[in-house]
Amino acid sequence: MEKRTAAMAYEPSYAERIRYKRLQDAAYQAGLDAVTNLQAALALAGIVLPSLANDGPVGARGFVRLGGCSVDVANQLAEVIAAGAHTLQEQRM
């Protein structure tokens, strides 16, 4: 008969749990800030992404859900991004 031993699950220390919680909180806040910044920038161009949202931390990093939009909004967004990219390229010359 084969003898089996139960593997011990790793239990993080209190300090490790606090550190992880702080990383998660900072990542969540970074996601909120990114959503706010993107909404403000899009508003300047008259664009609204209705499903733009903070999706919470993923692996202790902020994660923004852009979601879906109509073809018209996607084309408008592409136009604004292209115009901004051209402006940045001109400034670098």
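Each residue takes its place number in the sequence, starting with 1.
- In this structure, Gln24 and Tyr20 have side chains that are in contact, with non-hydrogen atoms separated by less than 4.5 Å.
- Between Gly68 and Pro50, the shortest heavy-atom contact is O-CD, 4.5 Å.
- Judged as a side-chain hydrogen bond (donor to acceptor under 3.5 Å, both in side chains), the pairs with a partner in residues 31-50 (not counting sequence neighbours) are, in order, Gln29-Asp33.
- In terms of the side-chain hydrogen bond (donor to acceptor under 3.5 Å, both in side chains) criterion, Tyr14 has no residue partners (sequence neighbours excluded).
- Under the 4.5 angstrom side-chain criterion for Ile, Leu, Val, Met, Phe, Trp and Tyr, the cluster partners of Val73 are Val35, Leu38, Leu42, Ile47, Leu49, Leu52, Val64, Leu66, Leu77, Val80, Ile81.
- Residues in residues 47-59 take part in these side-chain hydrogen bond (donor to acceptor under 3.5 Å, both in side chains) pairs, two or more places apart or across chains: Asp55-Arg65.
- Taking Ile, Leu, Val, Met, Phe, Trp and Tyr as hydrophobic and joining them when side-chain heavy atoms fall under 4.5 Å apart, one finds Leu32 in a cluster with Tyr28.
- In terms of modelled atom types and a separation under 3.5 Å, the side chain of Arg17 and the main chain of Pro12 share a donor-acceptor contact.
- Applying the side-chain hydrogen bond (donor to acceptor under 3.5 Å, both in side chains) rule to pairs touching residues 75-89 yields nothing, sequence neighbours excluded.
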